[in-house]
2 protein chains.
Amino acid sequence: MAVEETKANILDAAESFFAEAGFHGTSLRQITERAGVNVASVNYHFGSKENLMDAVLRRRLEPLNAIRFARLEAVKAEAAEAGETPSVRAVMIALIDPTLRAVVQPEFGGFSIIMGRIFTDHRGAIMERVRPLIEPLLACYLEVLYEALPHLSREEVALRLRMSLGALQHAIHAVRGHLTDSCPRELVTALPEEAVVDSLIDFVTRGMEGS
Amino acid sequence: MAVEETKANILDAAESFFAEAGFHGTSLRQITERAGVNVASVNYHFGSKENLMDAVLRRRLEPLNAIRFARLEAVKAEAAEAGETPSVRAVMIALIDPTLRAVVQPEFGGFSIIMGRIFTDHRGAIMERVRPLIEPLLACYLEVLYEALPHLSREEVALRLRMSLGALQHAIHAVRGHLTDSCPRELVTALPEEAVVDSLIDFVTRGMEGS
DNA sequence: GTCTATAGATTGATAGAC
DNA sequence: GTCTATCAATCTATAGAC
């Protein structure tokens, strides 16, 4: 088996198990068995279980963040060309649209579940390793939102962004739950992906802009 | 040591460890050591580690849910007396106000972190055990919201409630992060509890009511 | 009810043959 | 690069003295 294929198989298996049972709830033996590789290969290719989790996250987050940065730059450029400040709605679309669309792709497996869990994990070594992947992105979006909402305090804008991220996270779970398996009935949406994207963007735009 | 005191000490220690490292990331030895009790006492008093988690959750959720049910009933009664349907805002206050106020109390320890993690866990034995504590409450709130928003489809209302719960969850983390320890800077709010409650209620009311 | 001691299984990581 | 074998540590749960 080619090296990259072996690594990809390990990453796929790890992603699904970490989503299902969490980092501590998953053993390397489960991962290597599902990946069809040897027990020792995780430590050979990744160094440790923790490094493996890091690789699982980076594989998805780095390309996704590149897109989200680019989308924000495009919004800023377009507004600058018109001599205006970007609209709140345009900024939120730049953040939400690529995120939700990426995350519902089947190959993203349990990534959204892992991220959702990490996002509510304030402690632990893993959060420390994801933080540098998230903070710069949020900082860029916040800068633009401060300009777009000059009548609000920075604290208020940051809190509203945080609440919007919560809405995004749960919307993702609502759609993904629909795609995957057993969920509390009330928490799964029967709406198609398109409808959820639209509803979410309207929801957070109203939330960000109000009063 | 009195029995109830022993059990309470175990529950306190378990709550903080489960919040810090998760269910699988916590050992009974860590819990019993912090609680100042014997290793065997968990199995004596609770039967198993999983039952202990169940008890940790019930201790907080059952009284909190009783309050949230009562608050909803009060809103319904008040509206019925005036011959109207309850306002969306009143319903969201009934849900959010007691939740956020309970959860920021110091004795609630890591409960909000545990709940946040479970809420994004669609699988696993623990979710199965929490579900009956959550679903009936959501169902009651949804019934009232359907009436208050008759121009929207039921799917749309349910999705919006879910997104509001996401906003609530992240608002809780924003305040609690402020009260506790290291968090990503952007994700912690410097605003006082009162301001967060107000901002959150405005945010979700706008989100639920729009278009 | 609380304790010590331990069974029995599983873990992450590594050493060394091929 | 992949394998087997294994180490040393850790885990949950329980048995039995007090």
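Scope of the values below: all heavy atoms of this structure, side chains included, with no hydrogens, waters or symmetry mates. All values derive from a computational prediction rather than experimental measurement.
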Between P of C/dG12 and CD1 of A/Ile10, the distance in whole Å
14 Å

Side-chain ion pair, A/Glu193 and A/Arg176, N-O less than 4.0 Å:
no

Within the 4.0 Å heavy-atom criterion, would you say A/Thr26 contacts the bases, only the backbone, or no part of the nucleic acid?
sugar-phosphate

At what angle, to 10 degrees, do the two end axes of the helix from C/dG1-D/dC18 to C/dC18-D/dG1 meet, given five pairs define each axis?
0°

A/Ile31 CD1 to C/dG12 C1': how many Å, rounded?
11 Å

Just N and O in the side chain of B/Asn38: are any of them under 4.0 Å from OP1 or OP2 of C/dG1?
no

Determine, step by step, whether A/Ile10 and A/Ile31 satisfy the side chain to side chain contact (heavy atoms under 4.5 Å, CB included) criterion, reporting the C-alpha distance in whole Å, the side-chain angles of both residues, the deciding distance to 0.1 Å, and the verdict.
CA-CA 7 Å; A/Ile10 293 173; A/Ile31 293 170; 4.2 Å; yes

Determine, for B/Arg160 against B/Glu209, whether the closest basic-nitrogen to carboxylate-oxygen distance falls under 4.0 angstrom.
no

Test log, rule side chain to side chain contact (heavy atoms under 4.5 Å, CB included), inputs A/Asp54 and A/Phe46
CA-CA 9 Å; A/Asp54 200 63; A/Phe46 296 95; over 6 Å; no

Which pair of heavy atoms, one from A/Asn38 and one from A/Thr32, lies closest together, and at what distance?
O-CG2, 3.3 Å

I need the minimum non-hydrogen distance between B/Ala21 and A/His24, along with the two atoms involved.
O-CD2, 3.6 Å

Starting at the 5' end of DNA chain D, which residue's closest nucleotide do you reach first, B/Leu28 or A/Ala40?
A/Ala40

Please determine whether a side-chain nitrogen or oxygen atom of B/Ser41 lies at a distance below 4.0 Å from atom OP1 or OP2 of C/dG1.
no

Please give, in whole Å, the distance from C/dT11 P to A/Asn43 CG?
14 Å

Polar contact flag, side-chain donor to acceptor under 3.5 angstrom, A/Ser16-A/Arg34
yes

Please report the distance, rounded to the nearest Å, between CZ in A/Phe23 and C1' in C/dT11.
12 Å

Could you go through the side-chain hydrogen bond (donor to acceptor under 3.5 Å, both in side chains) check for A/Arg129 and A/Asn51 one step at a time?
CA-CA 10 Å; A/Arg129 303 178 77 151; A/Asn51 282 353; 2.8 Å; yes

Side chain of A/Arg29, heavy atoms from C-beta onward: which of C/dG12, D/dT4, C/dT2 has the nearest atom to it?
C/dG12

Please give, in whole Å, the distance from C/dG1 P to B/Lys7 NZ?
9 Å

Please state whether the phosphate of D/dT10, meaning OP1 or OP2, lies under 4.0 angstrom from any side-chain nitrogen or oxygen of B/Ser27.
no

Proximity to DNA chain D (any heavy atom under 4.0 Å), residues of residues 44-57 of chain A only:
A/Tyr44, A/His45

Whole angstroms only, please: what is the CD-P distance between B/Glu33 and C/dC3?
13 Å

Closest heavy-atom pair and its distance - A/Leu161, A/Met208
N-SD, 3.6 Å

